[in-house]
Amino acid sequence: MEFRLIDRIRERTALAREDVRLGIGDDAAVLAVPPGQQLAVAIDTLVEGVHFPHGTAPQDIGWKALAVNLSDLAAMGATPAWALLALTLPQGDPPWIDDLAEGFARLAREHGVALVGGDTTRGPLCLSVAVHGFVPAGQALARSGACVGDAVFVTGSLGSAAGGLRLVQGRLPFDPGNEAHRSLRARLDRPTPRVRAGVALRAHASACIDVSDGLLSDLGHICAASGVGAELDLDALPLLPALRSVFGHAAARELALTGGDDYELCFTVPTAAVGPMQAALAEVGAHATRIGAVIEGQGVRAIGGTALAAMRGGWDHFGA
Ligand code: ADP
Ligand code: MG
């Protein structure tokens, strides 16, 4: 059963890359790193009921498992190349596996990522994806380079995935006939990793992180790693009209500050580099909004206001 499943995954994710000397089928993949490049490597696990709701479509699970990892590479300014997929499945259901592989492959093809190996075992539904990307030696975007005076930016919009999750969890029930509901749900199920933006930012940003746990929490990580504080203009937070129309302005802002799963990039830029940075993003069809500034001190606060509790709502699996 296992080998036939692996074959189904291999067929559906096939993508030729010259640097894959040996892919799926041997004991290990053999890969060639281009000269002058460093490898950026990341792994993330998705557990059913924890990282995606029970009943999520297999295509969406496959897509999201890769997306959250490509987002980590994007945050480093790395160009993705290879992935590994460790799958734990309650049963070997071929059509379900096909759909999962299709969702994974669709995003992998968009970014030229080859699936070069993995592992397949039986158990409660869980996926671990590891990704490998290239970054010119010494040019990776770390969390630790933010300087006082830098501007703080975020790509795309915030809070939509958390809004989608609220709808799935049902206090305000998901209505498939409601276009705003559908667009928020799509942000939860099919996040867009900002890969091209991350590569474009390499030459301009001083620090970068992807927003997986919520803006306050993740910008807080940049602040801690850089030894600085940050001041946010709460009126500048980019919110989708759908988020505001479904939840109202105040709740939408709260979701934008504390909701997870957006997979946007939050980054800092020296003010002199803001123009060139925006031009570089426009060239790859990306956009970012200025939401604040790096200041002396520590933690994240609202402009002219009090400290925003950094962990409030930020997702912490082992938190009290
Ligand atoms: P081994 O027992 O030597 O680890 P496996 O039987 O687990 O080998 O896997 C056989 C081949 O299939 C290996 O190349 C492995 O990387 C690949 N593989 C296994 N499971 C997956 C998967 N879910 N996705 C992609 N490749 C896989
Ligand atoms: Mg082996």
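Computation of the quantities below employed the complete heavy-atom set of this structure, encompassing side-chain atoms and omitting hydrogens, waters and symmetry-equivalent molecules. Whatever order the structure lists ligands and atoms in, that order sets their numbers, starting from 1.
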**Q.** Polar side-chain atom of Asp218 near backbone of Ser212 as donor-acceptor pair, under 3.5 Å
**A.** yes

Q.
As an exercise, identify every atom of ligand 1 less than 4.0 angstrom from a heavy atom of Gly25.
A. 11 (C), 13 (C), 14 (O)

Q: Could you name the option among Thr88, Asp27, Asp7 that has the heavy atom nearest to atom 3 (O) of ligand 1?
A: Asp27

Q. Where does the angle between the aromatic ring planes of Phe134 and Trp82 fall among parallel (under 30°), tilted (30 to 60°) and perpendicular (over 60°)?
A. perpendicular

Q.
Tell me whether Asp7 is salt-bridged to Arg10, with the criterion being a basic N under 4.0 Å from an acidic carboxylate O.
A. yes

Q | Heavy-atom nearest neighbour of atom 13 (C) of ligand 1 within options Ile24, Asp26, Asp119, Thr13 | A | Asp26

Q. Would you say ligand 1 has an N or O under 3.5 Å from any N or O of Val116?
A. no

Q.
Among Thr155, Thr289, Leu243, exactly one meets side-chain contact (heavy atoms from CB on, under 4.5 Å) together with Pro238. Which residue is that?
A. Thr289

Q: Look at Arg196 together with Glu110 and state whether they make a salt bridge at an N to O cut-off of under 4.0 Å.
A: no

Q: Tell me which part of Ile6 gets within contact of ligand 1: side chain, backbone, both or neither, using heavy atoms under 4.0 Å.
A: side chain

